[in-house]
Amino acid sequence: MASSAGASEERSADISSEPSQETKENILIQRRYGVRSTHADEDTLPAFARTSFFQKGREFESAYVNHKFTEEEKHQLATYDSLDYFPPHSVVYKNWIKRQPARLDWDRWVMMGLIGFTVGFVGFLLHQLIDLIMDYKWEMANELIKEKDYGLAWFWVVGYSVIFAVLGSSMVVFFRPSAAGSGIPELIGFLNGTIVRHIFNVKTMAVKFFSCVCAVASGLPVGPEGPMIHLGGLIGAGLSQFRSSTLKLNLPYFQRFRNPEDRRNFISAGAGAGVASAFGAPVGGLLFAMEEVSSFWNMKLSWQIFFCTMVATFTTDLFNSAFKGFDYEGDFGLFKAERYILFQIDHGVALHILVFIPVAILGVLGGIFGAVFTFVNLKINRFRRYHLAKIERKWLKNLVRVFEVFLLMVIVGTVSVFLPSPFSCSKFECSFEGSEFDAGCLVEHRSPLHTERTVNNYTCEEGITLMVNGTKYTNGSFNQVATLLFASGEEAIHHLFSRDTHREFTYGPLLTVLVVYFFLACWAAGTAISSGLVVPMLFIGGTYGRIIGKTMVDLFGIHTEGEWAWMDPGAFALIGAASFFGGVSRLTMSLTVIMIEITNDIQFLLPIMVAIMVSKWVGDFVTHPLYHALLELKCIPFLDSEPVVFTHGGRKNVNLELYQAKDVMSSPAEVLQLSVSVQRLARVLLETPHGGFPIVKQLRDGDEVFIGLITRLDISILLSHKKFSSNEPHNSADGVQDYEITDIDYEKLSVTYLPDSEDLNKKLHEYADEEQYANIFIDLSPYVNDSALSVQSNFSLHRTYIIYRTLGLRHLTVVDRCNRVVGMITRKDLMGFNLEEKIGEIIEKQRENTHFEMTRPV
């Protein structure tokens, strides 16, 4: 039943046109021996980068429709390998399990604690380095600006920032391209079941850390939260295995975690710990791991990740309590609210039901602006790839990537120094010290308004201090634009969220900063440097939220107490930040909890929930969520939790229960016997790009029935080690037997690729060409996954999808009623666009047959 046309994970039936010979060769090279796609590092850009930029309507795609891939992009999808969530249930695996300690819980909790502590300490180091570098830059810049030496101030800010920005970009471009960006899309893709090259390498971790420090400290409109999530996943992947191929380490500890199931669970825990450390939000980290990054979940894992995020938050806060810029402050163990809570809100206010009207408006704006942000970001990314694809020399292409960061940093530095100049100084609003307040600050016996002490004076007068009845008053001035730009993104967000500061910002400065920062953040998001989007999202949302709050105050007056106290620009800035964050990411539960944990403003829980839900609904009608859109842009295969299939021009939603597994399977499938000649295996690997092969046994009546599955990588490892176990073919009618001793241990089979693929390539050609290997056989029995799942050809397509995604499968064999292999289903076969194409063909045939029956002469 063997066929060279077979089904595979790599070349699925979703590709309607025949790939070019060059594409076939590329896929074979990348797939053979487990070698993974090179495009994850962007060492070479795919051909579709030259055309996809100009295709209209590819960014404005509703989340309720599937992304439309070009034929070139489908070929790029086919170059990615997948992996099973559960390890193959083979004889070698069962023998390996027997040698491991009993399944105890304590070592898993210990590992979760180690991951949490390590992620928390890395988060502490990251923020301390960023604060140290950035504070020094702005201190010097403020001194120069006060002296009105703009030229020297510009030279200092731009020169100082460019050094770190170029350094951070160079590390990514020349040492580890996979460390660029936030790493969240790649992390989501991996935990969904797709292997992405180098994202969990120790070199990636080092470059990611230092590049992120340089990016954020330089003043680029980026944040550290996204890279912290990736760093958490890196720590979870590496620490849980206690081995590193890069460092040539293989420590004899926690060896029973060296399987795909535990590794991916620890990666999920590390990602959640990254959120917890970055935001000080342990519950938010748990929910983020569950809602966004992990495709497989259970209640026991929830408790363990909860413990991990708790340890990460505790570790970060404990060290931050005693250090500021690595200077010991002597408060070790004292968790101060202003440092323990990222954007501490001074006090809550009473809410009125009318608050939900402007909250809904902010939700709509968040969805629209979030969709625009996603659209612009994708367009800039396509524009960048389109022009980089024209550059043939790799060194020149790398220099262009670094130069882009250099140019962006020059623009950002110039904007920061000179943009505040056209704006006049604003007077302090009742700034005070002491317990008594000036009567002029009171509005009808309500609490006073004020201007924060931490605003930036720029070139304005610092003010005159006056003592009245033992109370110290300051009558000074400050620059609104400089307050937002002459500081870190987190400090600017503090100003936007501040309460009882109704007159601290006006429309002109807020609108100007919003437009400039929006564009710069879109541009910075895809550059070749390690950076995140959370701080820019909070900043942008807080800015337009503050504008809406200012409008409410101007329309209905200032109310600082009573039932109308909710009309505070700072409160609306908080809701606006949540709405924009939701409009871009489409997170719901985790985002709500994170916003509450970073502000401690439980009073605004319901408005935040409403704003997030409205922004998600509006955004989903316009674009896909940003992280999922970036997965599509990078052509990383991803399966949503629930398939949505439309036909008839996108007008009809199809119920997959009406269709069967055979409707989307690839057929016929390449099958193997339990005992196969070396020559046959070599030719199969050389001539097909398939990622897995069903194993069949021959019955007395001649039928070949399905008994298991073996992967391409397993066969490659067997051939590379020359483990040829017999000179005679055999085919046990009893199936796979229990071997107590096997030649190759499970740990040798648990790798995701073979590093020495060139040597294996030579061996394969030798095996395929020399006839002596036609009489040398390999017994595959110990290496066959005898728990590989299969479904009958008439099995429900909807339930097939659920089984495939829920169990995290790589291959699903399709059999007939006699258990004979008739096809294979892989990840690409179940992606939304392929389901639409295949079901659309079936519906079209049904319509043609119906039309023929109606028009046929009687």
Side-chain angles (χ1 to χ4, degrees), residues 130 133-146 148-166 168-169 214-223 369 372-373 376-377 380 403-426 455-460 478-496 505-527 529 531-533 535-544 546-547:
I130 291 172
I133 297 171
M134 184 174 287
D135 290 347
Y136 181 66
K137 179 183 79 171
W138 290 124
E139 286 175 6
M140 291 291 296
N142 279 317
E143 292 297 327
L144 295 171
I145 287 293
K146 287 177 183 178
K148 298 187 179 181
D149 194 343
Y150 295 104
L152 189 57
W154 176 86
F155 182 80
W156 165 255
V157 170
V158 172
Y160 186 91
S161 301
V162 161
I163 291 174
F164 288 98
V166 170
S169 178
C214 292
V216 180
S218 68
L220 286 172
V222 297
F369 288 157
V372 171
F373 185 91
V376 174
N377 183 273
I380 292 176
F403 178 76
E404 181 189 11
V405 176
F406 168 82
L407 179 62
L408 175 61
M409 190 67 254
V410 171
I411 294 174
V412 171
T414 303
V415 167
S416 299
V417 173
F418 293 112
L419 188 61
S421 299
F423 294 90
S424 59
C425 297
S426 303
V455 292
N456 195 286
N457 299 106
Y458 197 59
T459 58
C460 303
F478 68 100
N479 188 290
Q480 298 182 29
V481 175
T483 299
L484 295 176
L485 296 182
F486 247 58
S488 66
E490 293 180 358
E491 291 174 351
I493 295 170
H494 269 290
H495 292 301
L496 292 171
F505 297 103
T506 54
Y507 297 111
L510 289 174
L511 286 169
T512 302
V513 171
L514 174 61
V515 173
V516 173
Y517 196 92
F518 188 96
F519 172 74
L520 292 176
C522 286
W523 183 3
T527 52
I529 198 167
S531 59
L533 285 172
V535 167
M537 287 189 287
L538 294 177
F539 186 102
I540 293 169
T543 304
Y544 73 71
R546 187 102 189 177
I547 293 172

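If you read the sequence from its start, that first residue is 1, and numbering goes on from there.
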Looking only at heavy atoms, what is the nearest atom pair of Ile529 and Ala215, with distance? CD1-CB, 3.5 Å
As a test of understanding, state which of Val222, Val216, Ile540, Ile493 forms a side-chain contact (heavy atoms from CB on, under 4.5 Å) with Val535. Ile493
Step through the shown structure and confirm whether more than 12 heavy atoms of other residues, nucleotides or ligands are within 6.0 Å of CZ on Phe418. yes
Show the numbers, then the answer: is there a side chain to side chain contact (heavy atoms under 4.5 Å, CB included) between Val410 and Val162? CA-CA 7 Å; Val410 171; Val162 161; 4.0 Å; yes
Heavy-atom side-chain proximity of Ser169 to Thr527 below 4.5 angstrom: no
Identify the two heavy atoms, one from Pro536 and one from Pro221, that lie closest to each other, and give their separation to 0.1 Å. CG-O, 3.1 Å
Are Ser426 and Thr506 side-chain neighbours, meaning at least one heavy-atom pair lies under 4.5 Å? no
Aromatic ring pairing His495/Phe505, orientation class (parallel under 30°, perpendicular over 60°, tilted between): perpendicular
Distance, nearest 0.5 Å, that separates CZ of Phe486 from OG1 of Thr483: 10.5 Å
Should Glu404 and Leu407 count as side-chain neighbours, where that means a heavy-atom distance under 4.5 Å? no
Value rounded to 0.5 Å, distance of CG in Leu144 from CG in Leu152: 4.5 Å
Pairwise side-chain contact, Phe423 with Thr512, heavy-atom cut-off 4.5 Å (strictly under): yes
Tell me the closest heavy-atom pair linking Ala141 and Val157, and the distance in Å. CB-CG2, 3.6 Å
Can you find a heavy atom in the side chain of Tyr150 that is under 4.5 Å from one in the side chain of Ser421? yes
Under the side chain to side chain contact (heavy atoms under 4.5 Å, CB included) criterion, do Ser161 and Val412 qualify, and how do the steps go? CA-CA 9 Å; Ser161 301; Val412 171; over 6 Å; no
If you take all heavy atoms of Ser218 and Phe164, which pair is closest and at what distance? CB-CB, 4.1 Å
Do Phe478 and Asn456 touch side chain to side chain, with heavy atoms closer than 4.5 Å? no
Any side-chain heavy atom of Leu496 within less than 4.5 Å of one from Leu538? no
Would you give the length of the straight line joining atom CG of Leu510 to atom CG of Leu484, rounded to the nearest 0.5 angstrom? 6.5 Å
Is the backbone of Ile133 close enough, under 3.5 Å, to the side chain of Tyr160 for a donor and an acceptor to pair up by distance? yes
Point-to-point distance, once rounded to the nearest 0.5 Å, from CH2 of Trp523 to CD1 of Ile411: 4.0 Å
Indicate the atoms forming the closest heavy-atom contact of Val405 with Ala165, along with that distance. CG1-O, 3.7 Å
CZ on Phe518 to OG1 on Thr543, rounded to 0.5 Å: 11.5 Å
Ignoring hydrogens, what is the shortest heavy-atom contact between Asn377 and Cys522? Give both atom names and the distance. ND2-O, 3.4 Å
Assess the pair Phe369 and Phe373: is the distance between their ring centroids shorter than 6.0 Å? no
For the side chain of Tyr458 and the backbone of Val417, is there at least one donor-acceptor N/O pair under 3.5 Å apart? yes
Measuring from Thr414:OG1 to Met409:CE, what's the distance to the nearest 0.5 Å? 8.5 Å
